[in-house]
2 protein chains.
Amino acid sequence: MNDNKQSREIDTERRILEASAKVFMMKGKLGASMQDIADEAGINRTLLHYYFRNKDKLFDTVFEKVFARLIPAMVSIMTSDQPFQERLEQFVEAYSDMLLENPYLPVFVFQEISLNPHRIAETLKEQGFSPKKTFKKFRSELEEAGMDDMDPRHLFASLLGMVIFPYIGRPLFQTIAFQDDAKAYDAFLDERKKQIPQLLKLAFIGASVQKQ
Amino acid sequence: MNDNKQSREIDTERRILEASAKVFMMKGKLGASMQDIADEAGINRTLLHYYFRNKDKLFDTVFEKVFARLIPAMVSIMTSDQPFQERLEQFVEAYSDMLLENPYLPVFVFQEISLNPHRIAETLKEQGFSPKKTFKKFRSELEEAGMDDMDPRHLFASLLGMVIFPYIGRPLFQTIAFQDDAKAYDAFLDERKKQIPQLLKLAFIGASVQKQ
DNA sequence: ATATTGTTTAACAAATAAGTCAAACTAAAA
DNA sequence: TTTTAGTTTGACTTATTTGTTAAACAATAT
């Protein structure tokens, strides 16, 4: 082993964080024991305490890192200056890909913010994300794009819901609508990347028709 | 006290189940201790064991009862023979009202089925809900109604997502889009009862336009 | 009245997991 | 080489929580 202490430290810390994220997401904060995490990381349990004093501190660190994965796509759809239809497609694509790699993320995050709602404001600040400003910009850009008759907050809630639900509700939905065929469900998830923007596009067309 | 033992029993059991549902939903299966539940029900902790042997058995009973609240609206939109637009409105209305009264339900259910995906098939059977049949009926009815170009599974996933997301993601979304104004968010939730069917209606219009 | 069944409680035992501590180990610095 | 700082580990303590047991209590039936 030709590691110096510093690289050893960094490596161990990274391994702990990766293992923690994985185990916390799969088992939940309370379902995951420090031993589980240590095993996943291939280290001694006490080492977790050495690096992160206690379970809460470890969890907080992990939560922020995991939560951060939700931000980039959100920022991009709210601030990019491309045509709306394209932003929409990019957003759905980016979010879907992220969820495909982190299927347990939404349940994990929503569970935690449900138990601990005050955490959100803090975490968002920590991530350097300014909700008020960003959302205002989104709103005004939408108006400029001539979608002023569709409340951006409803639009955004619908969009997020449509994207996220199939991941959150997978076990349920795969059972009732796909007879538990996992492969078919994967294909379904992929199709949604096109279906969701398409549905919204049709709604825009419908709206413009009704306007006249 | 003029209760006989039988009515006492029923009352106690009902109180336990109500308290359990509340505490489990708010704190999660692992976050809720038997003591928490006993306190909420105003009884001795050992009594819980007397009525439901152990925590797992109690939880299973509660989960089935809570999960059952998801079924009726789902069945009605899939089997009713009213015009589709009306079914849609009724579904959104029914689901929204149920969620308003059970705001913690979706996170609770999704967390549990995420940890325990095999439970779903069993629970659905327990509830006398036959996914395959019901969904097939939904599909064919949709086709008859002339919406054959919109995959019913995508439609249903979108619908559920749009309805449920604002409840699951409330702490997050209320913060970023409503500056934490709870009253405004309640109004928003109410608006969605109309917004969601409206969006889908517009999409149908858009689809019919594009068809030509 | 008392015996029996069912209900409720307090006290105890066992298991699990978090967190602490001191000792062992490693690698670079003096 | 030895010292020093940093890293890793095993053993221990403590706290929490589940589940059990036996006894007390209540209400009805004999």
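Predicted model, so just to flag it, every value in this text is computed and none were measured. So you know, we letter chains A, B, ... as the sequences are listed, proteins then strands, and number each from 1.
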- Pair B:Q90-B:Q82, side-chain hydrogen bond (donor to acceptor under 3.5 Å, both in side chains): steps then yes or no: CA-CA 10 Å; B:Q90 282 173 7; B:Q82 291 175 294; 3.2 Å; yes
Side-chain donor-acceptor pairs under 3.5 Å in residues 101-108 of chain A, sequence neighbours left out?
from, atom 1, to, atom 2, distance (Å)
A:N102, OD1, A:R69, NH1, 2.6
A:N102, ND2, A:M98, O, 2.8

- Query: In whole Å, what is the span from the NE2 atom of A:H49 to the C1' atom of C:dA22?
  - Reply: 16 Å
- Message: It should be established whether B:Y50 places a side-chain nitrogen or oxygen under 4.0 Å from OP1 or OP2 of nucleotide D:dG19.
- Response: no
- Rounded off to whole Å, could you give me the CG-to-P distance for the B:L58 and D:dT18 pair? 11 Å
- Results of side chain to side chain donor-acceptor pair (under 3.5 Å) for A:D81 - residues two or more places apart only: none
- When the distance from NZ of B:K55 to P of D:dT20 is rounded to whole Å, what number comes out? 15 Å
- Task: Send over the distance from A:M34 CE to D:dG10 P, rounded to a whole Å.
- Result: 16 Å
Enumerate, atom names and distances included, each donor-acceptor pair closer than 3.5 Å involving a side-chain atom of residues 185-194 of chain A, sequence neighbours excluded.
from, atom 1, to, atom 2, distance (Å)
A:Y185, OH, A:P166, O, 2.8
A:D186, OD1, A:R170, NH1, 3.1
A:D186, OD1, A:R170, NH2, 3.2
A:D190, OD1, A:K193, NZ, 3.4
A:E191, OE1, B:H154, NE2, 2.8
A:R192, NE, A:M162, O, 3.4
A:R192, NH1, B:H154, O, 3.3
A:R192, NH1, B:H154, ND1, 3.1
A:R192, NH2, A:M162, O, 3.2
A:R192, NH2, B:S158, OG, 2.8
A:K193, NZ, A:D97, OD1, 2.9

- Message: I want to check one thing: is the phosphate of D:dT8, taken as OP1 and OP2, less than 4.0 Å away from some side-chain N or O of A:T12?
- Response: yes
Going by atom type alone, with no hydrogens or angles, which donor-acceptor pairs under 3.5 Å involve a side-chain atom of residues 37-46 of chain B and a protein atom two or more places apart or on another chain?
from, atom 1, to, atom 2, distance (Å)
B:D39, OD1, B:Q35, NE2, 3.0
B:E40, OE2, B:K22, NZ, 3.1
B:N44, OD1, B:T46, N, 2.7
B:N44, OD1, B:T46, OG1, 3.1

- Query: Tell me, which of residues 35-48 of chain A have any heavy atom that sits under 4.0 Å from an atom in DNA chain C?
  - Reply: A:R45, A:T46
- ring-ring contact (aromatic ring centres under 6.0 Å, His included) partners of B:F138, counting only residues at least two apart: B:F135, B:F156
- In whole angstroms, the gap separating C1' of C:dA17 from NZ of A:K27 amounts to 13 Å
- Message: Of the listed nucleotides (D:dG19, D:dT8, C:dG19), which one gets closest to any side-chain atom of A:N54?
- Response: C:dG19
- When the distance from CG of B:L30 to P of D:dT16 is rounded to whole Å, what number comes out? 17 Å
